[in-house]
Peer 1: 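What follows is a single structure, and I will ask about it in a moment.
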Amino acid sequence: MKVVRVTRFGGPDVLVAGEAPEPSAGPGQVVVAVAVAEINFVETQLRRGITPGPPLPEPPYVPGGGVAGRVVALGDGVAPEWLGRRVVTGTAGRLGGNAERAVADADGLVPVPDGLGLPEAAALLNDGGTALGLFEGAGIRAGDRVLVEAAAGGLGSLLVQLALSAGARVVGAARGEAKLELVRELGAEAVDYSAPGWAKRVLDATGGADVVFDGVGGEIGREAFGAVVRGGRFSVHGASSGAATVIPPDEAAERGVTVLGIEQLMGFGDGAEERTRRMLEAAAAGRIRPVIGRRLPLERAADAHAAMEARSVVGKTLLSV
């Protein structure tokens with residue numbers, strides 16, 4: 001079968017297409033015929049030999065932690081009803097998804113509702129469940145002022161939609177006119193966080209944010225913290241800048257701000273499948289729209305990684321198998 005491997009740590013060019021034996025399902029596992037493999041930014045960091053948290057795989061390895069497709073083989077102990085079903089799932093060991101076939105644990109399978117495409121389902125597998133967990137953890141209420149960083153990305157665009165659906169006033173921070181236009185299309189106000197003083201403009205325009213979703217970290221995350229009002233919440237979920245935002249407890253206490261650090265993601269494993277299921281159902285009903293910016297064939301995984309790292313794609317980037 002066709003696969004893509006990370007041959008060594010490095011730039012996108014270390015992703016090389018090749019062949020591998022067909023996998024088999026162990027006890028409690030299934031084999032999925034992969035139609036779509038999703039990519040998240042953490043995978044590009046791991047490929048470079050940098051980790052924001054997950055352990056580094058040892059090259060050579062087949063990347064890809066999430067897939068959408070059809071179950072084609074069952075291991076011992078798996079209910080026969082799964083055979084032939086359309087599913088989204090994390091891959092066993094969070095690797096191996098950039099391939100024509102992937103192994104997954106049966107207890108992590110989420111059925112794809114009728115009427116929802118596999119690309120849309122793949123776009124919601126990780127980002128959908130994470131967005132819902134962050135949204136519920138931040139306790140957003142009608143009338144809250146919400147600032148979402150990286151608001152034109154796969155996860156950020158979902159946070160924008162969830163906050164708007166709760167009746168919040170939402171400002172989406174992104175870089176470049178194409179991404180800002182998407183933020184406006186989703187129904188939020190837009191601000192370019194590459195412009196000097198961007199966070200102060202948010203503060204002046206809104207009176208401050210009750211909730212900030214920080215998916216960038218670094219200098220942008222620190223600036224965004226300055227826009228949080230007393231009694232607000234600062235929710236950290238990403239480090240695309242290379243370092244997650246860390247707010248000293250005494251500084252947060254002095255400002256009266258509750259900080260939900262990046263460690264909150266560690267608790268998202270419990271209930272992950274249920275949150276994904278809810279987001280798939282919302283998308284099938286038209287209440288949520290996953291934004292898919294680019295779909296490339298499996299053998300062009302290097303181009304997909306390069307586009308993500310260049311910040312040239314809006315929404316989610318997917319590989320078609």
Side-chain angles (χ1 to χ4, degrees), residues 1-75 83-84 86-106 108-109 112 117-119 121-123 125-127 154 292-313 315-321:
M1 67 171 182
K2 295 177 182 178
V3 301
V4 168
R5 291 186 179 89
V6 173
T7 55
R8 64 186 187 281
F9 292 133
D13 59 300
V14 305
L15 288 158
V16 178
E19 297 285 332
E22 293 272 345
S24 57
Q29 295 182 327
V30 303
V31 175
V32 177
V34 180
V36 185
E38 66 102 30
I39 309 173
N40 57 61
F41 196 81
V42 171
E43 289 181 28
T44 72
Q45 294 173 304
L46 296 176
R47 189 211 68 232
R48 285 184 280 137
I50 300 169
T51 175
L56 282 175
E58 182 178 345
Y61 67 91
V62 177
V67 298
R70 197 173 294 274
V71 176
V72 293
L74 308 177
L83 191 62
R86 298 192 316 149
V87 298
V88 288
T89 182
T91 53
R94 307 304 300 170
L95 294 172
N98 288 187
E100 290 183 302
R101 301 283 190 274
V103 175
D105 295 324
L109 300 176
V112 177
L118 289 175
L125 170 60
N126 288 313
D127 286 352
I292 300 172
R294 196 166 187 186
R295 288 174 59 185
L296 292 171
L298 175 65
E299 58 269 22
R300 291 185 61 192
D303 293 336
H305 276 232
M308 290 177 67
E309 290 180 309
R311 309 296 202 276
S312 63
V313 182
K316 192 72 175 175
T317 300
L318 302 173
L319 297 176
S320 296
V321 182

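All residue numbers refer to positions in the sequence shown, counting from 1.
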Peer 1: Would you indicate whether the side-chain heavy atoms of P57 and V6 approach each other to under 4.5 Å?
Peer 2: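 No, too far: nothing below the 4.5 Å cut-off.
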Peer 1: I need the D303 CG to L15 CG distance, nearest 0.5 Å.
Peer 2: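 The distance works out to 10.0 Å.
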Peer 1: Closest approach of G49 and L56, non-hydrogen atoms and distance?
Peer 2: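 Scanning both residues completely, I find the closest heavy atoms to be O-CD1, 3.5 Å.
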Peer 1: Tell me which donor-acceptor pairs under 3.5 Å the side chains of residues 24-32 have, and how far apart each pair is, sequence neighbours excluded?
Peer 2:
residue	atom	partner	partner atom	Å
Q29	OE1	G26	N	2.9
Q29	NE2	D105	OD1	3.3

Peer 1: If you look at every heavy atom in V112 and V87, which pair is closest and at what distance?
Peer 2: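 Closest approach of V112 to V87, heavy atoms only: CG2-C, 3.6 Å.
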Peer 1: Return yes if some donor-acceptor pair links the side-chain N/O of T91 with the main-chain N/O of G64 below 3.5 Å, else return no.
Peer 2: yes
Peer 1: Starting from the C-alpha separation in whole Å, work towards a yes-or-no answer on side chain to side chain contact (heavy atoms under 4.5 Å, CB included) for K316 and N40.
Peer 2: CA-CA 8 Å; K316 192 72 175 175; N40 57 61; 4.0 Å; yes
Peer 1: For V3 versus A20, what's the shortest heavy-atom pair and its separation?
Peer 2: CG1-CB, 3.7 Å
Peer 1: Calculate, to the nearest 0.5 Å, the distance between atoms CG and OG belonging to L296 and S320 respectively.
Peer 2: 8.0 Å
Peer 1: Show the nearest heavy-atom pair for residues V88 and A121, with the distance to one decimal.
Peer 2: CG1-CB, 3.4 Å
Peer 1: For a quick test of your reading: what N or O donor-acceptor pairs under 3.5 Å do the side chains of residues 92-102 make, sequence neighbours left out?
Peer 2:
residue	atom	partner	partner atom	Å
R94	NH1	G65	O	3.1
R94	NH2	G65	O	3.1
R94	NH2	N126	OD1	3.4
E100	OE1	K2	N	2.7

Peer 1: Has T7 got a side-chain atom pairing as donor or acceptor with P60's backbone, closer than 3.5 angstrom?
Peer 2: no
Peer 1: How close do A73 and L83 get, heavy atom to heavy atom, and via which atoms?
Peer 2: N-CD1, 3.9 Å
Peer 1: So how far is it from F41 CZ to T317 OG1, rounded to the nearest 0.5 Å?
Peer 2: 10.5 Å
Peer 1: Identify the heavy atoms of F9 and P59 that sit nearest to each other, and give their distance.
Peer 2: CZ-CD, 3.6 Å
Peer 1: Which pairs pass side-chain hydrogen bond (donor to acceptor under 3.5 Å, both in side chains) with one or both residues in residues 47-75, sequence neighbours excluded?
Peer 2: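 The answer is R47-H305, R47-E309, R48-E309.
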Peer 1: Would you check, one step at a time, whether the test side chain to side chain contact (heavy atoms under 4.5 Å, CB included) holds for L125 with T89?
Peer 2: CA-CA 7 Å; L125 170 60; T89 182; 5.6 Å; no
Peer 1: When you measure from the side chain of R5 to the backbone N and O of E19, does any donor-acceptor pair fall under 3.5 Å?
Peer 2: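 Yes; at least one donor-acceptor contact below 3.5 Å.
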